[in-house]
2 protein chains.
Amino acid sequence: MSLNLDESLHRLIHCYKSEIKNAITESNLSLHVGHIRALKCIQRIPNCSAQIISKKMNLDKSQIARIIKELQTKGHIEKHPNPDNHRSQLLVLTEQGKQAIDTITTLDGETSLKMTNGLTEQQIHDFKHYVEIMTKNLCA
Amino acid sequence: MSLNLDESLHRLIHCYKSEIKNAITESNLSLHVGHIRALKCIQRIPNCSAQIISKKMNLDKSQIARIIKELQTKGHIEKHPNPDNHRSQLLVLTEQGKQAIDTITTLDGETSLKMTNGLTEQQIHDFKHYVEIMTKNLCA
DNA sequence: TTTCTCAGTTGATAATGTCAATTGAGGTTT
DNA sequence: AAACCTCAATTGACATTATCAACTGAGAAA
C-alpha cells in the first residue's frame, strides 16, 4: 500500500523549497521560489506567455500575473507584443534576467545534485516518469 | 540529467493538494490540508506531541501550535498532560476526531489510488523509497 | 457601429511558512 | 527558600503562496 506517500512528498517539497530559497538569498537575488519557477519556464519555452506559464505550473493566472509584474519591475523580463495573438504578450528575458537565470541554473543544479545523491541516472529517470504519471492521473 | 525534476514535483503536490482539498470540502469537513496532515500524524504516532509533529512534518512549531489549537477548538483532539515530560502535551483524538480521520482515510485512499493508477506496487514502493532518499539528502 | 471574445489585470481573502520574543511550570543552584 | 535555568508551547508580526470573482480593453466578428 502507498501509505504516507503524500506526507513524504510534502516533506520533500518543503525541504527542496528551503534549500533553494537559502541558496537564492545567499546569492543576493531577491527572488522567491515562484519567481524562479516562472523564470525557468520563460527560459525553457519559446514564445512564452502568462497563460502558458499558468498551465505549465498549474497555478491561477492571477498569481502568474503578479509574479510577472514583479519580474518585470525587477528588470528580469520584458513584455513584447505577440504578432499571432493581440491579447497575448510574449515574455522575454532581459540581459539581467539571463544572468539571473544563469545563477539560478547553477544553484539549482547543485541542489538537484545534492538531492539525487545516491540515486542512479536510471532511478532518477524512473522517478521523474512516475511523477509525471501521477500528475496526469490527478490533473487529467 | 534531472531536468525539471523540481518543477514536476511542484505540480504533483499542487494537484494532490487540490484533489484532497476538494474531497474534504465535499465531505463537509471544514479542514485544511495542514489539519489533515497533523491529524494523520496524531493517529499514526502513539503519544504524539506538537514537537513530534513539527519534526515529522518539517514545519515550524508556531504553525503546528496554531493548527493544534484549531483542531482542539473544532473538537477533534484533546491535550493531555504527559507523565514523562511536564512541558509536553500528549495529543489525543476525540471520538469526533476519530470519525473525521475515518472519513479522511477513505478520501485519502481514493486519491492515492487515483494518483497511482497505472503503477505497480513495486514501482510505488520504489518511488516512495526515492522520495525518502532525496528528503534525507536535503534535510540531513 | 455594436457586440463579443478572451489574455491579462486587479481586489479581496484564505492558507501556508518563517522568525523572534514571550510564557510558564517544574527542575537546579546557591 | 529565592533566584535562576530549561525548554515545549504560545503568541505576534509578517512574508509567501493560493483561490475566486469581477473587471479591462484591444481587436475580431456580426
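Residue numbers start from 1 in every chain, and the chains themselves are labelled A, B, ... in the order their sequence lines are given, proteins ahead of strands.
Ranking C:dT9, C:dG26, D:dT19 by closeness to the A:Gln89 side chain, first place goes to C:dT9. In the set D:dT19, D:dT11, C:dA7, the nucleotide with an atom closest to the side chain of B:Lys69 is D:dT11. Between D:dC20, D:dA8, C:dG17, one nucleotide has an atom nearer to the side chain of B:Arg87 than all others, and that is D:dA8. When the nucleotides D:dT17, D:dG27, C:dT18 are ranked by their closest atom to the side chain of A:His86, D:dG27 comes out on top. Checking D:dA26, D:dC7, C:dT18 against the side-chain heavy atoms of A:Ser18 singles out C:dT18 as nearest. Among D:dT10, C:dT16, C:dT10, the nucleotide with an atom closest to any side-chain atom of B:Ala65 is D:dT10. Comparing C:dT9, C:dC19, D:dA18 against the side chain of B:Asp60 picks out C:dC19 as the nearest.
Classified by interplanar angle (parallel below 30°, tilted 30° to 60°, perpendicular above 60°), the ring pair B:His10/A:Tyr16 is perpendicular.
A residue-by-residue look at B:Leu59 and A:Ala50 shows that A:Ala50 has its nearest nucleotide of DNA chain C further toward the 5' end. Mapped onto DNA chain C by nearest heavy atom, B:Lys61 and B:Asn58 fall at different nucleotides, with B:Asn58 at the one closer to the 5' end.
Note on A:His32: every side-chain N or O is 4.0 Å or more away from OP1 and OP2 of D:dA15. Under 4.0 angstrom from either OP1 or OP2 of D:dA18 there lies at least one side-chain N or O belonging to A:Gln63. Within the 4.0 Å cut-off from OP1 or OP2 of C:dT18, at least one side-chain nitrogen or oxygen of A:His14 is found. At least one side-chain nitrogen or oxygen of B:Lys79 sits closer than 4.0 Å to the OP1 or OP2 atom of D:dT10.
If you measure from atom CG of B:Asn82 to atom C1' of C:dG27, you get 16 Å, rounded to the nearest angstrom. The distance from atom CD1 of B:Ile20 to atom P of D:dT19 is 14 Å, rounded to the nearest whole Å. Computed from coordinates, the B:Ile13 CD1 to C:dT16 P distance equals 12 Å when rounded to whole Å. Spacing between atom CZ of B:Arg11 and atom P of D:dT17 amounts to 18 Å, rounded to whole angstrom units.
Residue A:Ser62 is in base contact, counting any heavy-atom pair closer than 4.0 Å across all strands shown. Using a 4.0 Å heavy-atom criterion, one finds that B:Gln51 contacts the sugar-phosphate atoms exclusively.
Between the base of D:dC7 and the side chain of B:Ser88 there is no donor-acceptor pair shorter than 3.5 Å. Residue-to-nucleotide contacts include a donor-acceptor pair under 3.5 Å from the side chain of A:Arg66 to the base of D:dT19.
Across all their heavy atoms, B:Leu91 and B:Ile42 have their closest contact at O-CG2, 3.6 Å.
Classification of A:Glu19 and A:Lys114 as a salt-bridged pair holds, one side-chain N sitting under 4.0 Å from a carboxylate O.
A donor-acceptor pair under 3.5 Å links the side-chain atoms of A:Ser49 to the main chain of A:Ile52, judged by distance alone.
Atom CG of B:Asn58 is separated from atom NZ of A:Lys17 by 13.0 Å, given to the nearest 0.5 angstrom.
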